[in-house]
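Counting begins at 1 with the first residue of the sequence. Fair warning: this is a prediction, and the values are worked out from it, not measured in the lab. Atoms within a ligand are numbered from 1 in the order they appear, just like the ligands themselves.
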Amino acid sequence: MNKIAVLTSGGDAPGMNAAIRAVVRYGIHAGMQVVGIENGLKGLVESKFIGMNLRSVSDIVQRGGTILHSARCAEFHNEEIQNLAVKNLDRIGVEGLIVIGGDGSFMAGRALSLKGVPTVGIPGTIDNDLAYTEYTLGFDTACNTVLDAINKLRDTMSSHDRICIIEVMGRNCGDIALHTGLGGGAEIVIVPEIKMDIEDVENKLRLYEAKGKLSSIIVVAEGAGSAIELRDRLRKDLGYSVRATVLGHLQRGGSPSMRDRYLGTNWGVEAVKLLKNGIGNRLVGIKNNKFFDIDIIEGCAMKKKFDYELYERANVVSNSVK
Ligand code: F6P
């Protein structure tokens with residue numbers, strides 16, 4: 001292949017710029033021309049192409065967000081829109097495409113692969129909700145942002161003997177809540193994979209109070225419930241002093257962690273190497289600290305399993321009363 005294109009799609013994630021930089025620099029090193037597509041799949045449909053050179057990606061490895069911009073493109077499931085995307089790539093002689101994004105973007109990549117565009121996906125989403133890979137780009141940075149918030153909130157909550165509920169991102173996947181709850185020592189973690197039992201939560205808090213523990217942190221994933229609603233319910237049922245913080249899009253920004261720069265850079269190189277060798281229709285990932293790639297149809301079809309053992313461990317280790 002002599003000419004490839006790269007786009008970022010769906011919710012942005014810290015580390016996407018590191019991946020773009022690696023795709024451009026390694027692509028040029030491998031003798032290829034690299035085209036950037038602005039605004040994700042929407043930009044592909046609208047032919048928003050820009051030529052990339054070694055300098056286009058200077059000074060971005062440390063920046064959150066994506067220099068190519070991103071957008072959600074619900075209409076991409078429409079076959080006419082997909083055909084237009086293929087035509088746009090053909091017209092400028094692009095022979096392979098790298099899609100950096102999450103499950104929705106990969107379904108689009110899968111459709112393009114089936115239409116003959118060799119496509120490689122790089123997992124870019126803070127949610128860590130892709131089954132085929134242990135980690136996704138941006139998850140580590142988002143977790144560190146949440147941990148920083150937990151630490152700060154714990155200072156003030158314990159000074160005032162308050163209960164604090166922190167709502168984190170994750171619509172269908174509780175990984176951010178689970179990992180930050182574990183790392184931040186949250187007394188209660190609520191995830192979408194396990195139905196919330198409000199009685200359980202209240203009983204736990206009553207037990208803590210009976211043992212003289214008056215301040216606790218509850219981390220709730222957005223897909224499992226609302227921090228505001230939970231705060232109101234606990235105030236009403238228990239009469240405690242409860243505060244709620246919704247972290248929201250804070251979690252999507254910020255300078256990428258070392259881990260996310262490492263993943264983004266390596267996945268960028270892995271994706272280019274595949275296309276350079278004429279191999280498309282793959283997703284790159286990491287398992288047991290090794291980079292690997294998998295068929296795009298197979299990878300997209302896999303269902304993420306919740307780590308019940310980790311959840312159990314987090315609960316046991318955060319429990320300070322009996
Ligand atoms: O998929 C990543 C994610 O950050 C989710 O955790 C969150 O629910 C969603 O995107 C928010 O999307 P938007 O930025 O479109 O509001």
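Of all the heavy atoms in Arg235 and Tyr240, the pair that sits closest is CG-O, 3.8 Å. The two residues Lys276 and Met1 come nearest to each other via the heavy atoms NZ-O, 3.6 Å. Of all heavy-atom pairs spanning Tyr26 and Lys273, the tightest one is OH-CE, 3.6 Å.
Atoms of ligand 1 found under 4.0 Å from any heavy atom of His249, numbered from 1 in the order shown, are 13 (P), 14 (O), 16 (O). Remark: ligand 1 atoms within the under-4.0 Å shell around heavy atoms of Gly170 are 6 (O). Interface atoms of ligand 1 facing Arg252, defined by a heavy-atom separation under 4.0 Å, are 3 (C), 4 (O), 9 (C), 10 (O), 11 (C), 12 (O), 13 (P), 14 (O). Every atom of ligand 1 with a heavy atom of Glu222 under 4.0 Å away is listed here by number and element: 5 (C), 6 (O), 7 (C), 8 (O). Counting atoms of ligand 1 from 1 in the listed order, those under 4.0 Å from a heavy atom of Arg72 are 9 (C), 10 (O), 11 (C), 12 (O), 13 (P), 14 (O), 15 (O).
Around atom NZ of Lys152, no more than 12 heavy atoms belonging to other residues, nucleotides or ligands sit under 6.0 Å away.
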Practice problem: Show your working on side-chain hydrogen bond (donor to acceptor under 3.5 Å, both in side chains) between Asn144 and Ser257 and close with a plain yes or no. | Solution: CA-CA 8 Å; Asn144 284 315; Ser257 65; 4.6 Å; no
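Annotation: atom 6 (O) of ligand 1 to nearest protein heavy atom, Asp127 OD1, 2.6 Å.
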